[in-house]
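Each chain gets a letter, A, B and so on, in the order its sequence line appears, and its residues count up from 1.
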Amino acid sequence: MTTATLPASATLTSPSGDSDTQLLEVSMGPQHPSTHGVFRMDVALDGEHVVKLKPIFGYLHRNHEKIAEIETYLGSMPYTDRLDYFCSITNNWAYALAVEKLAGIVVPERAEYLRVITGELTRLQNHASLVGFLMQDMGASGTPLMYAFREREKILDLFESLTGARMMCNYMRFGGCRCDLPEGWLQQAKQVVDAFPRFLDEFERLLSSNEILMARTQGVGVLSKKLAINAGVTGPMLRASGVNYDLRKVDKYGIYDRFNFRVPLGEHGDVYDRYMIRLLEMRESVSILQQAIRDLPEGPFTDPKTKVRNFRPKPGEAYGRIEAPKGELGFYLISDGTPNPYRYRVRPPSLINLTILEDMCLGQNIADVVIILGSIDIVMGEVDR
Amino acid sequence: MNLEQLKPELEAAIPGCRLEIIPNPSPSGQHSLLISPEHAIALATFLRDTPHLRFDYCSNVTGVDWPASALPGKIKSKEMEDGTESDEEEINAEPTGYLEAVYHLYSMQLKHGPVILRMRTEDRATRVHLPSLTPIWRSADFQEREIFDLFGILFDGHPDLRRILMWDEFTDHPMRRDYVEPDDYEYEPTAHDDVLRKTMHHYSGNA
């Protein structure tokens with residue numbers, strides 16, 4: 001498909017000036033198991049060191065945006081599940097938020113709480129499995145990933161009993177959620193949430209001070225604060241570089257101003273910090289969940305005045321964004337008053353976080369490229385759309 | 001961020017800069033600022049580096065296709081805001097349509113935003129050049145490549161303007177409103193009736 005796109009200059013002799021060495025071009029991908037999907041990197045190597053790296057993707061491209069433009073507003077809701085297929089509920093949330101901004105819909109209180117509960121559960125399972133995958137990339141085959149998947153499965157069970165699907169939840173609607181909680185769900189969720197810190201303790205005992213983990217990740221793939229801001233990196237990646245920017249605190253969308261939680265920040269911006277930020281964020285999410293489950297009010301779970309059929313927002317545009325587990329997920333919509341959006345744009349966090357992959361990898365060993373890529377947390381369904 | 005206040009400040013800082021506030025009638029109230037391409041770099045640098053603005057974070061960059069046929073609907077929504085004035089202007093202008101690049105700016109340092117910038121090309125066929133803002137914000141890198149790929153806007157000054165989602169040999173721009181999908185994908189196995197009908201339509205000069 002895509003032809004090699006390294007500039008001709010990359011095949012010259014190595015920058016060290018050694019005459020008997022030559023740069024080696026390696027095409028990593030598109031299906032290396034650790035590359036998190038159908039993703040390719042054209043790497044130029046000087047010995048084991050990376051001197052050039054170009055990410056190549058688009059293998060999963062199906063023009064999501066074009067399809068959404070010929071579909072009704074509500075019709076695109078299930079399709080947003082397929083963007084970042086690990087976090088369908090937060091995708092729904094970002095889209096619903098953008099449409100609510102566009103049409104001026106007010107969400108009832110209980111629905112906001114349901115969104116926070118399901119959204120934070122999504123963050124828990126995303127971060128848990130990301131850490132598991134990261135260990136897998138490092139060669140810790142199986143055990144940490146299976147520990148993470150054990151916990152993730154409990155959360156997916158909750159999703160299944162609430163929405164009918166483990167991963168493609170399709171749970172949000174404009175002005176609220178699709179359905180109310182089934183009987184006994186909240187107690188079950190409370191049990192899962194209360195037991196979650198035990199898993200985190202176990203994980204940390206197993207990993208955080210592990211000598212191999214520290215040797216492989218500390219000082220690897222450093223991303224400076226300045227570059228992170230300029231390159232629009234968001235989410236845990238940005239905060240690992242020490243920038244205090246969490247949309248739950250900045251925008252306070254939904255009801256996030258009611259909860260008491262902290263924003264963990266990293267110091268060095270290396271892979272170890274990115275690993276640690278995820279563990280700390282899970283602890284904060286557990287705290288948000290406990291507060292939300294405690295305070296969940298009675299009331300309608302969706303706004304009864306919002307039209308389901310023949311939904312036509314007035315002409316105009318809106319950009320809505322949320323703090324998805326991978327970063328800032330935004331939807332930009334332009335309405336021309338018809339039932340279909342005139343323009344529908346997804347701002348995918350993992351695509352934009354990939355911008356600085358080359359900067360982080362230059363000068364690193366080829367074996368570390370896989371870990372650096374793993375620490376970005378990409379999902380190709382979202383990158384390629 | 002109030003555009004009414006920002007506009008005179010920008011016009012004072014960058015001589016010769018023409019700005020227009022594009023009103024947004026939707027409840028979101030996110031109005032945007034139409035800027036002229038020749039001053040875009042100066043304007044973006046000013047927005048990024050001025051201490052009380054400090055728009056250090058370019059969140060979302062996207063393209064919008066406005067063919068001439070889509071424009072009347074747009075004028076209607078404008079009329080509600082500024083009466084008959086814009087109506088007269090549009091009658092004089094020749095309807096060619098244009099491509100638009102939209103930038104959503106936020107400030108991570110001062111935690112405000114968004115300021116929405118728009119740039120328009122002269123038409124949709126050949127004069128589709130806009131200045132790239134990637135030298136100002138790296139985050140525009142992949143997103144401008146995507147606009148080039150899917151809409152066909154050429155960003156001057158972009159360090160690496162290649163296709164990003166479609167393959168390199170692909171020639172069209174699929175996000176344009178008048179894009180016709182090819183019917184001769186090599187993997188389409190048999191000529192069913194609807195495929196044949198589409199092919200005839202395609203080769204009778206409608207492509």
Side-chain angles (χ1 to χ4, degrees), chain A residues 1-3 5 7 54-58 61 63 65-66 69 98 100-105 226-234 238 243-245 249-251 313-321 328 330 332-338 342-343 345-347 351-352 354-356 359 383-385, chain B residues 22-32 48 56-66 70 73-74 76-78 80 100 102 104 106-109 111-114 116 134 136-143 146 149-150 160 162-170 174-177 179 181:
Chain A
M1 276 183 72
T2 321
T3 49
T5 38
K54 293 286 170 208
I56 291 160
F57 40 88
H61 181 55
N63 221 336
E65 295 176 5
K66 186 96 176 176
E69 282 168 19
E100 281 151 14
K101 276 193 175 180
L102 182 69
I105 299 169
K226 204 170 159 227
L227 181 62
I229 295 176
N230 194 252
V233 172
T234 43
L238 177 73
V243 183
N244 188 350
Y245 195 74
K249 290 279 191 197
V250 176
D251 279 11
K314 289 199 190 75
E317 60 174 62
Y319 179 64
R321 55 178 197 163
E328 173 185 327
Y332 174 62
L333 300 166
I334 299 180
S335 165
D336 56 354
T338 58
Y342 183 82
R343 179 79 179 97
R345 149 83 177 165
V346 189
R347 187 240 185 240
L351 169 74
I352 292 152
L354 268 179
T355 314
I356 35 72
D359 303 65
V383 173
D384 292 345
R385 281 161 296 138
Chain B
I22 307 286
N24 177 3
S26 101
S28 74
Q30 293 170 340
H31 309 297
S32 48
R48 187 190 62 178
D56 50 9
Y57 168 43
C58 176
S59 163
N60 179 42
V61 186
T62 190
V64 188
D65 182 14
W66 296 104
K74 200 148 181 274
K76 238 181 248 166
S77 69
K78 252 191 207 167
M80 293 192 284
E100 197 174 54
V102 186
H104 285 74
Y106 288 87
S107 170
M108 278 196 189
Q109 199 182 349
K111 301 197 168 41
H112 59 196
I116 305 167
T134 306
I136 316 292
W137 294 289
R138 266 293 292 284
S139 51
D141 188 346
F142 282 7
Q143 305 189 70
E146 189 184 312
D149 189 356
L150 302 181
D160 185 20
R162 289 181 284 128
R163 287 193 177 267
I164 189 167
L165 294 172
M166 307 302 282
W167 53 100
D168 288 349
E169 295 79 15
F170 193 77
M175 278 302 284
R176 295 226 182 161
R177 307 294 290 190
Y179 171 72
E181 57 184 297

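- Atom NZ of A/K66 has more than 12 heavy atoms from other residues, nucleotides or ligands within 6.0 Å.
- Below 30°, between 30° and 60°, or above 60°: for A/Y245 and B/Y57 the angle between ring planes is above 60°, a perpendicular geometry.
- Between B/R138 and the options A/D359, A/T355, A/N230, a side-chain hydrogen bond (donor to acceptor under 3.5 Å, both in side chains) holds for only A/D359.
- Contacts of A/I105 with chain B are absent, with no heavy-atom separation under 4.5 Å from either backbone or side chain.
- Only the side chain of A/E328 comes within contact range of chain B, with at least one heavy atom under 4.5 Å from a heavy atom of that chain.
- A salt bridge links B/E146 with A/R385: at least one charged nitrogen is closer than 4.0 Å to a carboxylate oxygen.
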>> Is there a side chain to side chain contact (heavy atoms under 4.5 Å, CB included) between B/K111 and A/K249? Walk through the geometry before answering.
In response: CA-CA 10 Å; B/K111 301 197 168 41; A/K249 290 279 191 197; over 6 Å; no
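- A heavy-atom distance below 4.5 Å is found between the side chains of A/K101 and B/Q30.
- Contact annotation for A/Y319: both backbone and side-chain heavy atoms come within less than 4.5 Å of a heavy atom of chain B.
- Heavy-atom distances place the backbone of B/I136, and not its side chain, under 4.5 Å from chain A.
- From A/I229, atom CD1 reaches atom OG of B/S107 across 9.0 Å, with rounding to the nearest 0.5 Å.
- Of the atoms belonging to A/I334, it is side-chain heavy atoms, and not backbone ones, that fall under 4.5 Å from chain B.
- Residues B/V64 and A/Y342 come closest through the heavy atom pair CG1-CE2, 3.9 Å.
- The heavy-atom pair separating A/G316 from B/N24 by the smallest distance is CA-OD1, 3.3 Å.
- A/L351 contributes atom CG, which lies 11.0 Å from atom OG of B/S139 (distance to the nearest 0.5 angstrom).
- Interface check for chain B: of the options A/A318, A/P313, A/G320, A/A98, the most heavy-atom pairs under 4.5 Å are formed by A/A318.
- Across all their heavy atoms, B/S28 and A/E317 have their closest contact at OG-O, 2.8 Å.
- Using a 4.5 Å cut-off between heavy atoms, A/D384 contacts chain B through both its backbone and its side chain.
- Proximity to chain A (any heavy atom under 4.5 Å) is restricted, for B/D65, to the backbone atoms N, CA, C and O.
- Residue B/N60 forms a side-chain hydrogen bond (donor to acceptor under 3.5 Å, both in side chains) with just one option from A/R321, A/R347, A/R345, and that option is A/R345.
- Interface remark: B/R163 contributes no atoms to any contact with chain A (heavy atom separation under 4.5 Å).
- A/T234 touches chain B through its side chain: at least one heavy atom from C-beta onward sits under 4.5 Å away, while N, CA, C and O do not.
- Contact annotation: the side chain of A/R343 never approaches that of B/V102 to less than 4.5 Å [non-hydrogen atoms, C-beta and beyond].
- Minimum interatomic distance between A/P315 and B/P25 (heavy atoms only, all atoms of both residues): O-CG, 3.3 Å.
- Taking every heavy atom of both residues into account, B/M108 and A/V243 meet most closely at SD-CG1, 4.0 Å.
- The distance from the CG atom of A/N63 to the CG atom of B/L165 is 8.0 Å, given to the nearest 0.5 Å.
- Within the 4.5 angstrom heavy-atom criterion, only side-chain atoms of A/E69, from C-beta onward, approach chain B.
- Residues A/I352 and B/S59 approach most closely at CD1-O, 4.2 Å, considering heavy atoms.
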